[in-house]
Amino acid sequence: MNRYSLNQATTKYWPLEDVVGASAKAGLEWIGLWREPIQEYGVDKAARLVADAGLKVSSLCRSGFFTATDPAERKAKIEDNRRAIDEAATVGTSVLVLVSGGLPAGSRDLDGARGMVRDGLAELAPYAEERGVTLAVEALHPMFCSDRCVVSSLGGALDLAEQFPASQVGVIVDAYHLWWDADVYRQIERAGERIVSYQVSDWVVPLPADTLLGRGLMGDGSIELRRLREACDAAGYDGPIEVEIFNQQLWDAPGQEVFDLALARYQEHVL
């Protein structure tokens, strides 16, 4: 249980004080944070709240979105990523989750978009290392390739990450996005020390109209979560395991109820 971390996105409408308080009361060591709610709360204030509760931040989600053809827009995105690195350092996490961005509007140039991601990493990686932050490339399921993330496999994420020192760029193993890939276990072994987070939820069908909100509680779907966890362990990853679930029904439910259920499901299906 010392690896369990509830990403605050799982209880989206629950105030940060309540998520932190529940995590501390349960004797947990970690919590996962999102940029927008901690910006609204106050980044310095959020850092103090978490530290005073005796918790550590497993990751800060999310930055990236490098794919833009307009030079001014691209510059603005790089600057926002620099702010995200600073925020990660402020809350005390070494892991900044990066979602690459989809195809630029009107574009079909997938290779070009992936080149933009590589160039963005190159521009930011040295600064991130100076701040003690690793840029964590997260591959998303291929259904999000066009509009959200042109990095669609763990192998593709590693192809990008391996162009930089492991201290600068790592990868996320998100069960929801990677479980379907016949090559995922070989890629986890390949990733080794570059794995900086293992995130869990479950794949449930039918998918909702808004596929972004299609994640289910662990045990409700098709993913071999324990097998993936054991593969990450074997590759050398022994860090936090984040429960990150985007699901409108869970968001609408009482926060403590979701907190307790997620913890129980983690014990049953991930440990």
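Position 1 is the first residue of the sequence, and the numbers go up from there.
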Only one of V200, N7, L6, V97 passes side-chain contact (heavy atoms from CB on, under 4.5 Å) with E244, and that residue is N7
Original post:
Less than 4.5 Å apart, any side-chain heavy atom of S146 and any of R108?
Top reply: no
Steps toward side-chain hydrogen bond (donor to acceptor under 3.5 Å, both in side chains) verdict (E242, S59): CA-CA 9 Å; E242 281 193 10; S59 76; 2.5 Å; yes
Taking the side chain as every heavy atom from C-beta outward, state whether D119 and F66 have any atom pair closer than 4.5 Å.
no
Practice problem: Please check if any side-chain donor atom of Y198 sits under 3.5 Å from a side-chain acceptor atom of D238, or the reverse. | Solution: no
In short, A68 meets K77 closest at the heavy-atom pair CB-CE, 3.7 Å
**Request:** Kindly say whether G216 contributes a backbone atom to a donor-acceptor pair with the side chain of N247 at under 3.5 angstrom?
**Result:** no
Distance col, row K25:NZ vs F259:CZ, nearest 0.5 angstrom, shows 10.0 Å
Query raised in the report: Are any of the side-chain heavy atoms of F144 and H177 separated by less than 4.5 Å?
Result: yes
Check: So L49 and Y41, side-chain contact (heavy atoms from CB on, under 4.5 Å) or not? Walk me through it.
Finding: CA-CA 10 Å; L49 176 71; Y41 186 81; 3.7 Å; yes
Taken to the nearest 0.5 Å, the spacing of Q39 CD from L33 CG works out to 11.5 Å
Are the charged groups of R186 and D183 less than 4.0 angstrom apart, N to O? yes
Open item on the list: If you define the side chain from C-beta out and look only at heavy atoms, does anything of L55 sit under 4.5 Å from E29?
Closed with: no
Q. With a 4.5 Å heavy-atom cut-off, do L135 and Q168 have their side chains touching?
A. no
Do L217 and V204 land in one hydrophobic cluster if side-chain heavy atoms of ILVMFWY residues count as linked below 4.5 Å? no
Checklist entry - So with a 6.0 Å cut-off around CD of E17, is the heavy-atom count from everything else above 12? => result yes
Answer yes if L98 and M116 sit in the same cluster of Ile, Leu, Val, Met, Phe, Trp and Tyr residues linked by side chain heavy atoms under 4.5 Å apart, and no otherwise.
no
Q | Lys/Arg N to Asp/Glu carboxylate O, R82 vs E79, below 4.0 Å | A | yes
Original post:
Quick check: are there more than 12 heavy atoms from other residues, nucleotides or ligands sitting under 6.0 Å from CG of D147?
Top reply: yes
Inset, instruction - Flag yes if more than 12 heavy atoms outside Q267 fall under 6.0 Å of its CD atom; otherwise flag no. - result: yes
Below 4.5 Å, heavy atoms only, C-beta onward: do V91 and I38 meet side chain to side chain?
yes
### Task
Indicate whether any N or O donor in one side chain lies under 3.5 Å from an N or O acceptor in the other, for S63 and N81.
yes
field: Cationic N near anionic O, under 4.0 Å, D44 to R48
entry: no
- Message: Salt bridge or not between D202 and R265? Use side-chain N to carboxylate O under 4.0 Å.
- Response: no
message: Pair D174, R215 - check side-chain contact (heavy atoms from CB on, under 4.5 Å), show working.
response: CA-CA 12 Å; D174 187 315; R215 303 187 190 199; 3.4 Å; yes
Is the number of heavy atoms from other residues, nucleotides or ligands within 6.0 Å of CD (E73) greater than 12?
-> yes
Heavy-atom nearest pair, S153 first then A139, reads O-CB, 3.3 Å
All heavy atoms of G120 vs all of I78, minimum pair found to be CA-CD1, 4.0 Å
So do the side chains of T211 and H141 get within less than 4.5 Å of each other, counting heavy atoms only?
no
Rounded to the nearest 0.5 Å, the CG atom of L103 sits from the CZ atom of R114 at a distance of 8.5 Å
Rounded to the nearest 0.5 angstrom, the OG-NZ distance for S23 and K56 is 13.0 Å
Tell me whether V196 shares a hydrophobic cluster with V173, the cluster being built from Ile, Leu, Val, Met, Phe, Trp, Tyr side chains joined at under 4.5 Å. no
Worksheet item: Under a 4.5 Å side-chain heavy-atom rule over Ile, Leu, Val, Met, Phe, Trp and Tyr, are V169 and I172 clustered together?
Response: no
- With the threshold set at 4.0 Å, does a side-chain nitrogen-carboxylate oxygen contact exist between R62 and E138? no
*Under a 4.0 Å N-O cut-off, is there an ion pair linking R190 with E162?*
yes
Tell me if a side-chain donor or acceptor on T93 pairs with a main-chain N or O of V57 at a distance below 3.5 Å.
yes
Smallest heavy-atom separation, P208 atom then G214 atom, equals CD-CA, 3.5 Å
Under the ring pair (Phe, Tyr, Trp, His ring centres under 6.0 Å) rule, what do F246 and W34 come out as? Steps first, then yes or no, please.
CA-CA 13 Å; F246 306 150; W34 271 69; 5.8 Å; yes
| Is the backbone N or O of G101 less than 3.5 Å from a side-chain atom of R148, with the two atoms forming a donor-acceptor pair by type? | no
Distance col, row I31:CD1 vs Y4:OH, nearest 0.5 angstrom, shows 10.0 Å
More than 12 heavy atoms of other residues, nucleotides or ligands under 6.0 Å from CD of E40: yes or no? no
- Donor-acceptor pair, side chain of T11 and main chain of W14, under 3.5 angstrom: no
task = Kindly say whether G239 contributes a backbone atom to a donor-acceptor pair with the side chain of R3 at under 3.5 angstrom?
result = yes
*asked:* Checking the side chain of S100 only, and the main-chain atoms of V117 only, is there a donor and an acceptor separated by less than 3.5 Å?
replied: no
Value for CG (L263) from CD (E268), rounded to nearest 0.5 Å, stands at 12.0 Å
Verdict with reasoning, V99 to C149, per side-chain contact (heavy atoms from CB on, under 4.5 Å): CA-CA 6 Å; V99 175; C149 187; 4.0 Å; yes
**Item:** Check: T69 main-chain N/O paired with R74 side-chain donor or acceptor under 3.5 Å
**Value:** no
In short, A47 meets T90 closest at the heavy-atom pair CB-O, 3.4 Å
Taking every heavy atom of G170 against every heavy atom of T134, the minimum-distance pair comes out as N-CG2, 3.5 Å
| said: I want to check something: taking the side chain as every heavy atom from C-beta on, are W179 and V184 in contact at a cut-off of under 4.5 Å? | reply: no
Side-chain ion pair, D70 and K75, N-O less than 4.0 Å: no
Does the pair Y176 and W203 meet the rule for a ring pair (Phe, Tyr, Trp, His ring centres under 6.0 Å), with working shown?
CA-CA 6 Å; Y176 178 81; W203 183 278; 4.9 Å; yes
- request: Give a yes or no on whether a salt bridge exists between R83 and D86, defined as a side-chain N under 4.0 angstrom from a carboxylate O.
  value: no
- request: Output, in order, the C-alpha distance, side-chain angles, deciding distance and verdict of side-chain contact (heavy atoms from CB on, under 4.5 Å) for E193 and Y237.
  value: CA-CA 7 Å; E193 66 174 340; Y237 180 68; over 6 Å; no
**Message:** Is there a continuous path of hydrophobic side-chain contacts, each under 4.5 Å between heavy atoms, that joins V95 to W30?
**Reply:** no
